[in-house]
Amino acid sequence: MTNCEIAQVRAVCPGSFDPITRGHLDIIGRAASVFSEVIVAVGRNTTKNYMFDFDERLQLTADAVAELDNVRVAPIEGLLVDFCHEHDAKVIVKGVRFGSDFDYELQMSQLNRQLSGIETVLLPAGREFGTISSSMLREVAHNGADVSAFVTDEVNRAVLAKVARSA
Ligand code: PNS
């Protein structure tokens, strides 16, 4: 147990992870140092168009967190609160980069708490990767920019392959 680990509390880090970035990994790693176990829940947001299909996002995310002992990856279908209940997770962890993230996460956290009583913990994004988003990363990659600073080597290769196929 690390200094500040909350014993026996399983947390969920949900997202689309299209693809997983170093910003996501920062939040997941810090959640894993606070909570005894973290489930990274990879889902589909019906309002989003994805670069990577569901199985690819799941696999890239699993590979990216493989070295974190107390972290595992699972697919999420349906409501996040139901996923948390099924996996006996007591806390949702989300990263916030700036004010608009906070406004959105505040609304989601209040909804989820009202639906099921589950609490959400918001972690401020780390300085190094604070303002990365998967959507910006996809946009600049499609236009030929190097995104290797923001993702793992495996994700970078997958992005390059995807961009090459769509050219
Ligand atoms: O932040 P993202 O990438 O849009 O998150 C995707 C996902 C699937 C994790 C999110 O949309 C989600 O939790 N969907 C489940 C449906 C749900 O519970 N929605 C209401 C509260 S978030």
Side-chain angles (χ1 to χ4, degrees), residues 9-32 34-35 37-66 68 70-126 128-142 147 150-152 154-156 158-159 162-163:
V9 174
R10 184 175 293 141
V12 169
C13 287
S16 297
F17 305 106
D18 183 44
I20 189 163
T21 67
R22 292 198 184 280
H24 293 132
L25 288 169
D26 176 51
I27 296 296
I28 293 165
R30 285 161 56 206
V34 173
F35 297 101
E37 190 185 348
V38 172
I39 305 175
V40 180
V42 180
R44 287 186 191 90
N45 181 331
T46 49
T47 67
K48 290 185 176 174
N49 290 320
Y50 289 116
M51 172 185 247
F52 293 95
D53 68 30
F54 187 66
D55 289 342
E56 291 172 323
R57 289 185 282 116
L58 205 55
Q59 188 60 54
L60 288 170
T61 303
D63 291 346
V65 301
L68 297 170
N70 59 338
V71 176
R72 63 190 163 99
V73 173
I76 171 174
E77 311 273 357
L79 285 179
L80 178 58
V81 291
D82 291 339
F83 178 93
C84 292
H85 182 66
E86 283 156 20
H87 290 81
D88 196 24
K90 300 287 185 258
V91 172
I92 296 166
V93 177
K94 301 293 290 279
V96 286
R97 294 162 297 185
F98 25 59
S100 55
D101 274 358
F102 179 77
D103 292 347
Y104 177 75
E105 296 303 343
L106 179 64
Q107 199 179 14
M108 285 301 113
S109 68
Q110 288 172 345
L111 173 63
N112 285 329
R113 186 156 168 262
Q114 198 150 357
L115 286 173
S116 74
I118 194 156
E119 291 290 0
T120 298
V121 170
L122 300 180
L123 287 182
E128 310 88 312
F129 311 112
T131 55
I132 304 173
S133 74
S134 297
S135 57
M136 274 186 200
L137 188 150
R138 292 194 303 272
E139 172 73 13
V140 297
H142 268 306
V147 298
F150 306 120
V151 294
T152 63
E154 186 193 5
V155 170
N156 189 46
V159 169
K162 197 62 88 173
V163 170

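Each ligand, and each atom within it, is numbered from 1 in the order the structure gives.
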Side-chain atoms of residues 81-89: list all donor-acceptor pairs with protein atoms under 3.5 Å, sequence neighbours left out, distances to 0.1 Å.
residue: His87; atom: ND1; partner: Phe83; partner atom: O; Å: 2.9
residue: Asp88; atom: OD1; partner: Lys90; partner atom: NZ; Å: 2.7

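- By the neighbour-count criterion of 12 heavy atoms within 6.0 Å, atom CG of Asp53 is densely surrounded, having more than that number from other residues, nucleotides or ligands.
- In this structure, the side chain to side chain contact (heavy atoms under 4.5 Å, CB included) partners of Glu154, at least two apart in sequence or on a different chain, are Leu60, Asp63, Thr152, Arg157.
- Cation-pi geometry between Arg44 and Tyr50 is not met at under 6.0 angstrom from the ring centre and within 45 degrees of the axis.
- Side-chain atoms of Arg57 come within 3.5 Å of backbone atoms of Gly43 as a donor-acceptor pair (strictly under, hydrogens ignored).
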Review item, side-chain donor-acceptor pairs of residues 116-125, under 3.5 Å, at least two apart:
residue: Ser116; atom: OG; partner: Asn112; partner atom: O; Å: 3.1
residue: Ser116; atom: OG; partner: Ile118; partner atom: N; Å: 3.2
residue: Glu119; atom: OE2; partner: Arg113; partner atom: NE; Å: 3.2

Check: every ligand 1 N/O to protein N/O pair under 3.5 Å:
residue: ligand 1; atom: 3 (O); partner: Ser16; partner atom: N; Å: 2.9
residue: ligand 1; atom: 3 (O); partner: Ser16; partner atom: OG; Å: 2.6
residue: ligand 1; atom: 3 (O); partner: Lys48; partner atom: NZ; Å: 3.0
residue: ligand 1; atom: 4 (O); partner: Asn45; partner atom: ND2; Å: 2.8
residue: ligand 1; atom: 4 (O); partner: Lys48; partner atom: NZ; Å: 3.0
residue: ligand 1; atom: 18 (O); partner: Leu80; partner atom: N; Å: 2.8

